[in-house]
2 protein chains.
Amino acid sequence: MTTHESAGIARWRQIADSLRADIAEGRLVDALPSEMRLAERFAVNRHTVRRAIAALGEEGLLTAARGRGTFVAPRPGRIAYPVGPRSRFSENIGAASREPGGSMVGATREPASTEIAGLLGCGIAAPLARLDLLRVADGAPVIVSTLWFEEARVPGIVAAFAELGSISRALEALGLAGCRRLWTRVSAIAAEARDAERLHCPLATPLIQTTSLTAAATGEPVQYARSRFLGSRFELLFDHTAGPAAD
Amino acid sequence: MTTHESAGIARWRQIADSLRADIAEGRLVDALPSEMRLAERFAVNRHTVRRAIAALGEEGLLTAARGRGTFVAPRPGRIAYPVGPRSRFSENIGAASREPGGSMVGATREPASTEIAGLLGCGIAAPLARLDLLRVADGAPVIVSTLWFEEARVPGIVAAFAELGSISRALEALGLAGCRRLWTRVSAIAAEARDAERLHCPLATPLIQTTSLTAAATGEPVQYARSRFLGSRFELLFDHTAGPAAD
DNA sequence: TATAGTTGTCTACACAAATAGACAATTAAA
DNA sequence: TTTAATTGTCTATTTGTGTAGACAACTATA
């Protein structure tokens with residue numbers, strides 16, 4: 001089986017991806033090697049390197065100066081995002097000293113799928129409130145998340161969120177204080193067209209996908225969530241030493 | 001700024017990626033829509049769809065039958081991988097009823113970087129034993145991981161692993177039973193050329209990257225690890241209810 | 001000032017990718 | 001058997017990608 005793994009991806013794109021990874025990991029700082037050197041390193045024509053650099057320039061990662069060289073823009077750094085029973089977006093981003101933000105990009109009703117019905121413990125095709133949120137840090141979108149609630153259990157959740165601007169506060173307002181996250185599942189996926197558009201990132205950008213189940217203080221499941229984080233901007237932190245009883 | 005987010009990736013590749021995601025998520029089963037329908041859906045010529053299908057066929061995800069249609073091969077499903085203080089590869093894969101396996105693809109010595117020295121609590125440039133492992137499920141490579149140990153603390157770790165075939169058993173043999181994982185950090189990255197080659201996956205495939213710190217029963221850090229999981233084959237499970245003190 | 005090294009721009013050519021149309025081969029159902 | 005729908009194969013054309021060479025514009029340094 002002679003499959004070329006790189007099939008279908010233009011050479012300049014591969015070079016841009018490689019340089020972008022080097023920049024994200026901090027392996028490449030300050031001045032970039034000259035176009036000729038890079039062309040030699042990647043065994044490619046100078047024009048091909050130039051195209052890769054142009055793409056990264058449009059992303060704001062590089063700036064070129066005629067006669068001087070090309071330079072790496074100061075990188076934003078990864079946002080440390082602790083995940084635990086009490087995780088809330090606003091706290092996490094706040095702790096990282098970045099302005100939190102978020103906007104509702106969609107609020108619909110849909111019947112429960114077999115999977116979600118099983119997780120939330122409601123009937124199949126029971127009416128769910130679905131909330132689509134876009135979360136922003138430093139003025140750029142970084143997370144898209146979709147939340148599902150059984151409508152009968154939390155009536156008016158959408159209106160409450162719209163008013164209070166926070167899921168946890170909206171739940172408290174509905175008499176559900178002290179909600180706890182039961183578990184989190186993590187996988188990695190490639191950004192599809194819709195995600196890429198919303199997150200303002202190139203197609204096929206690696207995203208961290210998490211799904212999680214949150215329960216009320218009574219233990220009753222309340223919220224099922226599916227989030228996608230910009231892989232290059234985040235690092236999820238799981239602390240295995242802090243137990244559920246400890247805070 | 002008129003950036004085309006899809007620049008540099010061939011249309012057939014995008015279509016193949018989209019279909020692959022649909023298959024991986026279970027949104028596409030049994031018979032595929034006909035080539036003409038797919039061409040309409042993606043607003044593309046039938047030949048472009050055919051190329052995407054051919055690529056997925058080479059990956060073993062689809063089989064085409066003249067006159068009948070194209071069919072989705074039964075998908076392997078995601079491997080559920082619980083992560084906690086006692087996570088071990090062999091247990092996790094074993095629990096998923098797949099044959100575990102792993103091979104050492106590299107064992108070198110290198111001086112401790114500032115970062116790793118800080119985590120392991122040893123001096124900068126102290127000699128480390130570095131172990132590169134390739135882990136296999138169902139005959140296909142699915143994880144590459146790199147482990148670092150301070151050599152003075154676990155002399156002969158490489159030989160012990162080579163003999164026993166398991167990190168935890170090797171540590172026990174060196175008198176370090178009851179090691180616990182302190183924390184895990186998770187991010188998503190795109191497969192680079194080296195990873196793609198080792199994991200036998202296309203370039204830029206989304207990978208889950210974890211870094212973790214493991215300590216001995218005394219609390220002294222022993223092992224720092226960096227692993228990359230094939231994003232489409234895994235789902236990491238974090239249980240926030242089962243704490244170390246509780247249960 | 002002179003020189004070496006850098007980025008920016010232009011032309012030209014070869015090859016891959018995508019589109020378009022036509023028809024053959026096979027299958028399932030009317 | 002006939003018909004419609006499917007996948008397989010061929011030719012041709014247009015657009016995108018990568019290579020090659022040359023030269024201009026600019027910068028820092030000897």
Side-chain angles (χ1 to χ4, degrees), chain A residues 2-20 23 28-73 193 202-204, chain B residues 2-20 23 28-73 193 202-204:
Chain A
T2 326
T3 48
H4 337 187
E5 311 299 16
S6 60
I9 302 187
R11 197 78 183 86
W12 66 263
R13 232 293 192 164
Q14 298 177 34
I15 293 168
D17 290 345
S18 171
L19 293 176
R20 194 189 296 107
I23 293 170
L28 204 52
V29 288
D30 299 331
L32 218 66
S34 75
E35 293 173 352
M36 279 306 293
R37 275 177 208 280
L38 287 174
E40 285 171 19
R41 173 183 305 176
F42 288 106
V44 108
N45 190 277
R46 181 181 154 228
H47 292 89
T48 309
V49 167
R50 279 182 63 73
R51 185 149 190 187
I53 289 176
L56 295 175
E58 283 207 353
E59 292 178 30
L61 292 175
L62 295 179
T63 51
R66 178 186 293 199
R68 301 205 306 130
T70 307
F71 301 88
V72 179
L203 254 186
Chain B
T2 327
T3 49
H4 340 185
E5 310 296 19
S6 59
I9 302 187
R11 197 80 184 83
W12 66 263
R13 232 288 194 163
Q14 299 177 32
I15 294 168
D17 290 345
S18 172
L19 292 176
R20 194 188 296 108
I23 293 170
L28 205 52
V29 289
D30 301 330
L32 218 66
S34 74
E35 294 174 350
M36 278 306 293
R37 277 177 206 279
L38 288 174
E40 286 171 16
R41 174 182 305 177
F42 288 106
V44 109
N45 191 275
R46 182 181 154 231
H47 293 87
T48 310
V49 167
R50 280 182 61 73
R51 183 145 191 193
I53 290 175
L56 295 175
E58 281 207 354
E59 293 178 28
L61 292 174
L62 296 178
T63 52
R66 177 185 293 199
R68 300 206 305 130
T70 307
F71 301 88
V72 179
L203 254 186

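Chain identifiers are assigned alphabetically (A, B, ...) following the order of the sequence lines, protein sequences preceding nucleic acid strands; residue numbering begins at 1 within each chain.
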Between [N] atom [atom2] and [X] atom [atom1], what is the distance in whole Å?
X	N	atom1	atom2	value
A/Trp12	D/dT19	CH2	C1'	17 Å
A/Leu38	C/dG5	CG	P	17 Å
A/Ile9	D/dG16	CD1	C1'	16 Å
B/Asn45	D/dT15	CG	P	15 Å
B/Glu35	C/dA24	CD	P	18 Å
B/Met36	D/dT6	CE	P	9 Å
A/Arg13	C/dA17	CZ	C1'	16 Å
B/Phe42	C/dT19	CZ	P	13 Å

Next on the checklist: Run the side chain to side chain contact (heavy atoms under 4.5 Å, CB included) test against B/Ala55 and tell me which residues pass, sequence neighbours left out.
Outcome noted: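 Here the qualifying residues are B/Trp12.
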Next on the checklist: To the closest 0.5 Å, what do you measure between CZ (B/Arg11) and CZ (B/Phe42)?
Outcome noted: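 It is 7.5 Å, given to the nearest 0.5 Å.
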Next on the checklist: What's the closest nucleotide to the side chain of B/Ala64 if the choices are D/dG8, D/dT27, C/dT7?
Outcome noted: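 My answer, after comparing the listed nucleotides, is D/dG8.
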Checklist entry - With the sugar-phosphate defined as primed atoms, P, OP1 and OP2, and the base as all remaining atoms, what B/S/- string results for nucleotides 9-14 of chain D, 5' to 3', for protein heavy atoms under 4.0 Å? => result BB----
Item to check | Note, B/Leu38 side chain near B/Ile53 side chain (heavy atom, < 4.5 Å) | outcome: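 B/Leu38 vs B/Ile53: side chains touch.
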Item to check | Any A/Leu62 side-chain heavy atom under 4.5 Å of A/Val72 side chain | outcome: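 Counting from C-beta outward, A/Leu62 and A/Val72 do come under 4.5 Å.
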Item to check | Qualifying residue for salt bridge (Lys or Arg N to Asp or Glu O under 4.0 Å) with B/Glu35, from B/Arg66, B/Arg51, B/Arg50 | outcome: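 Passing option: B/Arg50.
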OP1 or OP2 of [N] under 4.0 Å from side-chain N/O of [X]:
X	N	value
A/Arg68	D/dC26	no
B/Thr70	D/dT6	no
B/Thr48	C/dA17	no
B/Ser34	D/dT6	yes

Next on the checklist: Heavy-atom nearest nucleotide on DNA chain D for A/Arg11 versus B/Leu32: which residue maps closer to 5'?
Outcome noted: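 Its nucleotide being nearer the 5' end, the pick is B/Leu32.
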Item to check | Check: B/Arg20 side chain, B/Leu61 main-chain N or O, donor-acceptor pair, under 3.5 Å | outcome: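 No.
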Next on the checklist: Taking side chain to side chain contact (heavy atoms under 4.5 Å, CB included) as the criterion, tell me which of B/Leu32, B/Leu19, B/Asp17 meets it with B/Leu56.
Outcome noted: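 Exactly one pass, corresponding to B/Leu19.
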